[in-house]
Amino acid sequence: MNVRDLLNTKAEAALEAAGCPPGTAAIVGPATRPEFGDYQANGALGAAKRMKANPRELAQRTVDAMALDDIATCAVTGPGFISLTLADTFLGEVLAQDTGIERTGAGQRIVIDYSHPNLAKEMHVGHLRSTIIGDALARTLEALGYEVVRQNHVGDWGTGFGMLVAHLGDVERAGDPGREELKDLERFYQEARRRFAEDESFAERARDVVVRLQQGDDEMGAIWQRYIDISMSHCQEVYDLLGVSLTPRDVRGESAYNDDLDTVVEELSEAGLLTEDAGALCVFLDEFRGRDGKITPVIVRKSDGGYLYHSTDLAAVRYRVRELAADRVLYVVDARQALHFRQLFAVCKEAGYDGSASLEHHPFGVMQGPGGRPFATRDGNVMRLTDLLTEAIDRAREVVAEKSPHLGADEQARVARVVGIGAVKYADLSKNRTSDYVFDWQAMLSFDGNTAPYLQYAYARIQSLFRRGGVDAESLTGMPTIDTPEEHMLALTLARRQETLEQVAAQAMPHFLCAWLYDLASAFMRFYENCPVLEEGPTHNSRLLLCRSTADGIRTGLGLLGIETVERM
RNA sequence: GCGCCCGUAGCUCAGUUGGAUAGAGCGUUGGCCUCCGGAGCCAAAGGCCACAGGUUCGAAUCCUGUCGGGCGUGCCA
């Protein structure tokens, strides 16, 4: 149940009954301080101003008109706020009737464009954020009932692949089936580039390969395909290690749109959008005119006839709207491409490619290494994602070995993987910033504060409680009785799950879910300190129910972020 | 030059169509285990929300300007 929506609806009805114009916003949100209750409605203040009425009097009339039944109590506080406090019996019922996440998104289709590594090279730390933020959104939206179509728009086309395919062809002719050389994509890429720079005849062949590829040459296409398959399998290994839900079925790379590019140009031309400038086909839109009077154009086709990322992205929008019937298309892409997307969406609008779909760029800042410096290895190269994840697991293993010597070697290894990977993902997902974010091993693995290990620990602790008490959590029945302040706060937090998830979906911001999980774990820890659970007596079953709801909330919540839990750690 | 984003506690970050006394965590200091896992809990200290104006009953939030930082900017993606 979306409690916030429920209260908001009731508050808006009451505002209208109190004399406000229909549609007056109640603005119900969590209370800013505990002494103001659980939720507060701020709408009466603004409404009173517009009506030139006394805010406290209007708020009081609203309170009098509130049809809350036994859901909550409310009162006017301060200059005209309405404080709402949920009834303990209501909270108990909400938890007892909770049958899981409500599928409020049923019937809507959302395309999410994320990860999109460049297959010319190995995945590096720069691909991490898009991959895990996109994946968390995909999982969360799916849980809410949306039909999610994952689109991994991999970079598998363009001039760079000429030299790679030419080089692979040479390597294969020399006897190596290619697999050996391609084990290290980074080295293979450097080698191809070295030849391209030093050997003019090779460079010429590489350029010829690009042309032949675009013309649909079978032989070159076969070599290209072998290269892509191997590179893609590297990516899949990273996805599997990272615990990301992407599969080969979600791949629809730049090459997939090759045959649509001429059509896009034709359609834009028919729409009267194209201008030839210095041999290139451009779209000049007035909204991209700066104070200096110049317009930053969108180049759809280069003067040599080649295509650019704008062209491919236009074709992709066209496909996603027409073929995939998307209601929303979410681009989880680096903030540095903000201008590109503003232009892309503007052109799509002009060309009618967006239909009735909402095209949204959800940007994020670059990940910086410790100390706020660019994330690089000692020799100055970009760090491979595999190396980063391996280090995370290694670091977690050290901590686990120290803190959990009671676990066997296999279990320690499993816990280290779950904790290490979870720490990396959560550290990223818990931040809202569109600006850059600083990667800090110590903070994410410190096992204190708003981190994945803290949440995983809270979960494991509840499982331990069940084991110690000989409780089969699944068999528990009944309704929890909420009594103490700690129980109230815990139950309230649990009841806020649905509204939190809907907020994540609406704004494409997973950090709201992280904040909720941290609130939940914190509320549980306080409850745990103050309310004996296993003590026999009238509170026994009720508190076990709260424990179960908390454990479920943490496990499924982390699951929506793509993070696992363990029963012991 | 033009454009976009950002500036909140020593550090990393929250702050929900503008709302009450700006909140967490880390770090610091001090408490709490004969008690369900101390990877925990409680408390204290720490802020002219970059600066200056403006709008408003009310501004970290909206507008203008200044300073500082990051990024982008017609044929890479």
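Here is how names work: the chains are called A, B, and so on, in the same order as the sequence lines, proteins then strands, and each is numbered from 1. This one's a predicted model, so the numbers in the text were calculated from it and none came from an experiment.
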query: Is the backbone of A:Thr493 close enough, under 3.5 Å, to the side chain of A:Trp516 for a donor and an acceptor to pair up by distance?
result: yes

| query | Which word best sums up how the rings of A:Tyr309 and A:His340 line up, parallel for under 30°, tilted for 30 to 60°, or perpendicular for over 60°? | reply | parallel

In 5'-to-3' order, the base (B), backbone-only (S) or no-contact (-) status of each nucleotide in nucleotides 19-31 of chain B, using a 4.0 angstrom heavy-atom cut-off, is BBB-SSSS-----

| message | Quick check on B:G37: is either OP1 or OP2 less than 4.0 Å from any side-chain nitrogen or oxygen of A:Arg468? | response | yes

Validate the cation-pi geometry between A:Arg496 and A:Tyr39: distance from NZ or CZ to the six-membered ring centre under 6.0 Å, angle to the ring axis within 45°.
-> yes

message: Taking any heavy-atom pair under 4.0 Å as a contact, classify A:Ala458: base, sugar-phosphate, or nothing.
response: nothing

Note to self: So for A:Tyr309 and B:A77, does any side-chain atom that can act as donor or acceptor lie under 3.5 Å from a complementary atom in the base?
What the structure shows: yes

TODO: Step through it carefully: locate the ring centre of A:Tyr437, locate the ring centre of A:Phe364, and say whether they are under 6.0 Å apart.
DONE: no

Whichever of A:Ala278 and A:His406 has the more 5' nearest nucleotide on RNA chain B, that residue is A:His406

Writing each nucleotide of RNA chain B 5' to 3' as (, ), [, ], | or . by Watson-Crick or G-U pairing under 3.5 Å yields (((((((..((((.....[...)))).(((((.......))))).....(((((..]....))))))))))))....

Contacts under 3.5 Å, N or O only, protein and nucleotides 11-13 of chain B:
residue	atom	partner	partner atom	Å
B:C13	OP1	A:Val438	N	3.1

request  = May I ask you to verify whether the side chain of A:Arg4 and the base of B:U16 hold a donor-acceptor pair under 3.5 Å?
outcome  = yes

Original post:
What distance, rounded to whole Å, do you find between the two P atoms, one in B:U16 and one in B:G74?
Top reply: 36 Å

When A:Ala460 and A:Pro297 are each assigned the nearest nucleotide of RNA chain B, the 5'-most assignment goes to A:Ala460

### Task
Name the nucleic acid region contacted by A:Tyr528, choosing base, sugar-phosphate or nothing; use a 4.0 angstrom heavy-atom cut-off, strictly under.
base

ask   = Which part of the nucleic acid does A:Arg342 contact within heavy-atom distance under 4.0 Å: base, sugar-phosphate only, or nothing?
value = sugar-phosphate

Provide a list of protein-nucleic acid N or O atom pairs under 3.5 angstrom, restricted to nucleotides 32-34 of chain B.
none

- Name the nucleic acid region contacted by A:Cys531, choosing base, sugar-phosphate or nothing; use a 4.0 angstrom heavy-atom cut-off, strictly under. base

Exercise. Quick one: label A:Ala25 by what it contacts on the DNA or RNA (base, sugar-phosphate, nothing), any heavy atom closer than 4.0 Å.
Key: base

Q. Base, sugar-phosphate alone, or nothing: which one does A:Tyr307 contact when heavy atoms must sit under 4.0 Å apart?
A. sugar-phosphate

What orientation do A:Phe439 and A:Trp441 show, parallel under 30°, tilted 30 to 60°, or perpendicular over 60°?
perpendicular

Between the protein and nucleotides 62-64 of chain B, are there any N/O to N/O pairs under 3.5 Å, and if so, what are the atom names and distances?
none

- Query: So does A:Asp113 pair up with A:Arg320, basic N to acidic O under 4.0 Å?
  - Reply: yes

Using a 3.5 Å cut-off and no angle test, enumerate the donor-acceptor pairs between side-chain atoms of residues 277-294 of chain A and protein atoms at least two apart in sequence or in another chain.
residue	atom	partner	partner atom	Å
A:Asp286	OD1	A:Arg289	NE	2.9
A:Asp286	OD1	A:Arg289	NH2	2.5
A:Arg289	NH1	A:Gly293	O	3.0
A:Asp292	OD1	A:Lys294	N	3.2

| request: Remember a base hit wins even if backbone is also touched, and classify A:Ala515 as base, sugar-phosphate or nothing at under 4.0 Å, heavy atoms. | output: nothing

Problem set entry | side-chain N/O A:His511 vs B:G15 OP1/OP2, d < 4.0 Å | yes

*Mutual orientation of the aromatic rings belonging to A:Phe161 and A:Tyr227 [parallel < 30°, tilted 30-60°, perpendicular > 60°]*: perpendicular

Does the plane of the ring in A:Trp157 sit parallel, tilted or perpendicular to the ring in A:Trp224? Use 30° and 60° as the thresholds.
perpendicular

Side-chain (A:Ser542) to main-chain (A:Thr539) donor-acceptor, under 3.5 angstrom
no

